[in-house]
Amino acid sequence: MALRIYNTLTHRKEEFEPLNPPAVTMYVCGPTVYDYIHIGNARVFIVFDVIRRYLNYRGYRVKMVQNYTDIDDKMIRRAAEEGISVPELAERFIAAYKEDAARLRVRPADVQPRATEHIGPIIGLIRRLEKRGLAYVSGGDVYFDTGAFPGYGQLSHQSPEELVAGARVEPGERKRKPLDFALWKGRKPGEPAWDSPWGEGRPGWHIECSAMAMRYLGESIDIHAGGADLIFPHHENEIAQSSGATGKPFARYWLHAGYLNIDRQKMSKSLGNVLTVRQLLEEFNPLDFRFFILSAHYRSPLNFSRDLLLQARSGRERLQELADNLSRALPASRRDTEEGGDQLRQSIAAARERFIEAMDDDFNTAGALAALFELAREANIYLNGDHPHSRKLLEECLAFYGETNALFDILELREPDELEELDEELRQMIARREEARRRKDWATADRIREELLARGIILEDTPHGVRWKRKPLS
RNA sequence: GGCGACAUGGCCAAGUGGUAAGGCAGAGGACUGCAAAUCCUUUAUCCCCGGUUCGAAUCCGGGUGUCGCCUCCA
């Protein structure tokens with residue numbers, strides 16, 4: 001069984017063969033730090049976070065780089081609006097990004113370079129392009145000469161002629177052809193600038209990713225990833241710059257995450273329907289959001305709505321419920337029996353197999369989730385069974401959820417004693433209700449249950465005694 | 001205009017040649033003092049029309065619809 005990945009470059013699923021296994025080099029285009037990230041950004045970061053973890057799970061050693069774009073037109077404009085410097089703006093939103101990513105359980109990349117800290121390598125790359133006749137100076141700017149790069153359009157599968165048909169030249173631009181793009185922008189009054197062989201100025205957007213990817217991962221990398229809207233022109237231009245400079249293939253596999261739409265519309269500032277991660281997390285659990293994201297294939301467009309997220313929450317809670325119940329059953333379980341556990345033992349093995357099979361098929365997280373649910377049913381049957389619980393089987397089952405949760409991060413896996421934390425007053429209320437139930441004083445029992453519910457505690461009476469859980473938010 | 005993606009039950013969503021995973025919601029049942037949780041049962045021939053094939057949701061052609069990219073954008 002081999003891992004297969006859909007490659008935007010070739011338009012097909014290909015067997016994954018990194019350059020130097022087990023090492024894998026992976027570059028993900030990071031945020032432009034001019035504002036809080038929105039849920040569409042979050043989808044990209046979550047998806048590639050999971051993919052990265054899965055590659056590690058499959059035995060690869062992934063080195064992942066994700067940049068911060070901390071200098072570009074948007075940064076300059078926003079800093080001016082806020083009345084602060086561009087570096088101050090960058091600091092603010094890099095910090096915000098880190099907070100948001102952490103809350104979403106997106107693990108930090110191994111290297112998180114900033115464009116402004118790599119002006120040297122950027123200039124070096126532009127000079128290489130100049131030497132190869134792929135760049136030209138025009139005014140104070142330097143442009144990439146797309147006409148001189150034969151493979152231009154290979155990623156977006158468009159010929160230059162086709163691309164030109166829709167291209168526009170902004171007034172005042174000094175490029176020769178519409179598809180040419182700026183590698184270096186000459187200084188304008190009031191803008192941040194660095195010294196360069198072409199005078200003071202700043203890097204273009206595309207060149208920073210090429211320069212930083214090469215700097216940390218080498219001239220040819222295994223995986224380059226980002227949102228679908230980066231295919232053109234950003235990634236197309238990265239290929240042109242990188243391959244143009246080195247004469248080598250830049251990235252072997254290009255991965256692109258689909259859009260996250262809101263109410264079937266693309267998020268955009270003009271429509272006013274942009275939802276930031278911060279806004280989302282005011283109302284929803286990050287784990288519910290991760291579950292929601294992973295319930296669809298990463299390349300498919302995915303529609304976001306409050307209702308769909310509630311649906312996802314219900315599904316996730318089913319798994320959470322099971323995980324909690326497995327933990328709770330652990331203390332009373334026995335090491336000397338596996339009675340009634342044959343089906344469960346087989347189901348664990350089957351679930352693991354199915355999980356890997358799905359993930360190996362271009363990271364089919366939806367299929368992988370189905371494996372978690374199928375095992376959940378068997379585990380519930382086992383837990384409800386009329387036999388003692390086997391410590392070994394419970395642990396194996398929990399181990400599987402632990403193993404898969406280390407990839408998906410959709411469950412809160414707690415130790416049994418963590419489940420018992422409840423303050424004294426609430427414990428006594430539960431005890432009083434138990435007493436009332438023994439007396440068959442249902443009125444009192446129900447009243448206490450209502451009171452607890454009002455305080456966010458849900459009670460469940462099981463054959464093995466009363467159980468409590470916290471009511472989910474919203 | 002060019003390029004491309006998608007169209008599966010009430011909702012979400014897997015499935016690329018052998019008679020449709022999974023989740024949510026609904027209905028019925030079991031369990032329960034009631035409830036919750038859980039389990040069982042239950043709802044699809046896969047947008048339409050042709051074609052290839054013993055056999056297609058799955059391949060090919062045509063059509064319809066939705067969306068994306070071609071311009072900053074995850």
A:Arg467/A:Glu460 salt bridge by N-O under 4.0 Å criterion: yes
task: Identify, between A:Pro301 and A:Arg467, the residue whose nearest nucleotide on RNA chain B lies closer to the 5' end.
output: A:Pro301
query: In Å and rounded to the nearest 0.5 Å, what is the CG to CD1 distance from A:Leu344 to A:Ile348?
result: 4.0 Å
task: Name the orientation class of the two ring planes belonging to A:Tyr54 and A:Phe363 (parallel below 30°, tilted from 30 to 60°, perpendicular beyond 60°).
output: perpendicular
query: Across the strands shown, which category fits A:Ala296 at heavy-atom distances under 4.0 angstrom: base, sugar-phosphate, nothing?
result: sugar-phosphate
field: Pair A:Asp110 + A:Arg52: basic N to acidic O under 4.0 Å
entry: yes
message: Under 4.0 Å, heavy atom to any atom of RNA chain B: which of residues 435-451 of chain A qualify?
response: A:Arg437, A:Trp442, A:Asp446, A:Arg449
Distance-only donor-acceptor check, side chains A:Tyr152 and A:Glu236, under 3.5 Å: no
message: Closest approach to the side chain of A:Arg318, judged atom by atom: which nucleotide of B:A21, B:C39, B:C70 is it?
response: B:C39
query: Roughly how many Å is it from CD1 in A:Ile293 to C1' in B:C12, rounded to a whole number?
result: 13 Å
- request: Let me know the distance between CD1 of A:Ile231 and P of B:C69, rounded to the nearest Å.
  value: 10 Å
statement: Taking B:G22, B:A74, B:G33 as options, the one with an atom nearest any side-chain atom of A:Asp461 is B:G33
message: Looking at A:Gln158 and B:C70, is any side-chain donor or acceptor paired with a base atom of the opposite kind under 3.5 Å?
response: no
- prompt: Has the side chain of A:Glu161 got a donor or acceptor that lies under 3.5 Å from a partner of the other kind on the base of B:G2?
  reply: no
task: Return the value, rounded to whole Å, for the distance between atom CD of A:Gln265 and atom P of B:C67.
output: 9 Å
message: Applying the Watson-Crick and G-U wobble criteria at under 3.5 Å, what pairs with B:C54? Answer none if nothing qualifies.
response: B:G18
message: Taking any heavy-atom pair under 4.0 Å as a contact, classify A:Asn364: base, sugar-phosphate, or nothing.
response: sugar-phosphate
query: Among the nucleotides B:C3, B:A37, B:G23, which one has an atom lying closest to any side-chain atom of A:Arg377?
result: B:G23
A:Asp70 side-chain N/O to A:Arg114 backbone N/O, donor-acceptor pair under 3.5 Å: no
message: Looking only at side-chain N and O atoms, does A:His235 offer a donor or acceptor that is under 3.5 Å from a partner on A:His206?
response: no
task: Kindly say whether, by distance alone, the side chain of A:Asp229 makes a donor-acceptor pair under 3.5 Å with the base of B:C72?
output: no
query: Is there a Watson-Crick or G-U wobble partner for B:C69 with both distances under 3.5 Å, and if so, which one is it?
result: B:G2
message: Rounded to whole Å, how long is the line connecting atom CG of A:Leu453 with atom P of B:A37?
response: 12 Å
- prompt: Expressed in angstrom and rounded to an integer, what is the separation of A:Leu375 atom CG from B:G23 atom P?
  reply: 12 Å
message: By the 4.0 Å heavy-atom rule, please label A:Leu260 as base, sugar-phosphate, or nothing.
response: base
query: Counting only side-chain N and O atoms of A:Tyr259, is one of them less than 4.0 Å from OP1 or OP2 of B:C69?
result: yes
Geometric class of the A:Phe289/A:Phe292 ring pair [parallel <30°, tilted 30-60°, perpendicular >60°]: tilted
message: Assess, by modelled atom type and distance only, whether the side chains of A:Glu208 and A:Thr69 contain a donor and an acceptor separated by less than 3.5 Å.
response: yes
message: Whether the side chain of A:Lys266 and the base of B:C73 hold a donor-acceptor pair under 3.5 Å is what I'd like checked.
response: yes
field: Separation between the C1' atoms of B:A44 and B:G9, rounded to whole Å
entry: 4 Å
- request: Provide the distance between the two P atoms, one in B:C67 and one in B:C24, to the nearest whole Å.
  value: 30 Å
Given RNA chain B, 5'-ward residue of the pair A:Leu459 and A:Phe292, judged by closest heavy atom: A:Phe292
Options B:C3, B:C70, B:C24, nucleotide nearest the side-chain atoms of A:Leu163: B:C70
statement: With the side chain defined as heavy atoms from C-beta on, A:Arg433 is closest, among B:A13, B:C34, B:C73, to B:C34
query: Could you give the CG-to-P distance, from A:Leu179 to B:U71, as a whole number of Å?
result: 8 Å
task: Select base, sugar-phosphate, or nothing to describe what A:Ser159 touches, counting heavy atoms under 4.0 Å on all strands.
output: nothing
message: Counting only side-chain heavy atoms from C-beta out, which of B:G68, B:A37, B:A14 sits nearest to A:Glu460?
response: B:A37
- prompt: Taking any strand in view, what nucleotide pairs with B:G9 in a Watson-Crick or G-U wobble way, both distances under 3.5 Å?
  reply: none
Check ion pair A:Asp288-A:Arg316 (N to O, under 4.0 angstrom): yes
query: Out of B:A21, B:C73, B:A14, which has the shortest distance to the side chain of A:Ala370?
result: B:A21
- prompt: Expressed in whole Å, how much space separates the P atoms belonging to B:G23 and B:A57?
  reply: 24 Å
task: Please tell me which of the listed nucleotides, B:G22, B:U38, B:C24, lies nearest to the side chain of A:Asn384?
output: B:U38
query: For A:Leu369, which contact category applies under a 4.0 Å heavy-atom criterion: base, sugar-phosphate, or nothing?
result: nothing
statement: A:His234 atom NE2 is separated from B:A74 atom P, nearest whole Å, by 10 Å
field: Strand contacts (RNA chain B) in residues 26-41 of chain A, 4.0 angstrom heavy-atom criterion
entry: A:His38, A:Gly40, A:Asn41
B:G10 versus B:A36 - spacing of their P atoms, nearest Å: 26 Å
message: Looking only at side-chain N and O atoms, does A:Gln320 offer a donor or acceptor that is under 3.5 Å from a partner on A:Asp324?
response: yes
- request: Answer with base, sugar-phosphate or nothing: what part of the nucleic acid does A:Arg43 contact at a heavy-atom distance below 4.0 Å?
  value: nothing
- request: Evaluate the ring planes of A:Tyr382 and A:His389, with Trp represented by its six-membered ring, and classify them as parallel (under 30°), tilted (30 to 60°) or perpendicular (over 60°).
  value: tilted
Options B:A13, B:U16, B:C40, nucleotide nearest the side-chain atoms of A:Asp361: B:U16
query: Rounded to the Å, how far apart are A:Glu208 CD and B:C72 C1'?
result: 14 Å
- prompt: Taking the same atom, P, in B:G55 and in B:G15, what whole-Å distance lies between them?
  reply: 26 Å
task: Using a strict 4.0 Å threshold on nitrogen-to-oxygen distance, state whether A:Arg433 and A:Asp446 make a salt bridge.
output: no
message: Strictly below 4.0 Å, N to O, side chains only: are A:Arg105 and A:Glu412 in salt-bridge contact?
response: yes
query: Does NZ or CZ of A:Lys74 lie under 6.0 Å from the centre of the six-membered ring of A:Tyr34, at an angle within 45° of the ring axis?
result: yes
message: Within the 3.5 Å criterion, strictly below it, is a donor on A:His256 or A:Asp229 matched to an acceptor on the partner's side chain?
response: no
field: Opposite nucleotide pairing with B:A30, Watson-Crick or G-U, both atom distances under 3.5 Å
entry: B:U38
- request: Please work out which residues in residues 342-351 of chain A have a non-hydrogen atom less than 4.0 Å from an atom of RNA chain B and list them by number.
  value: none
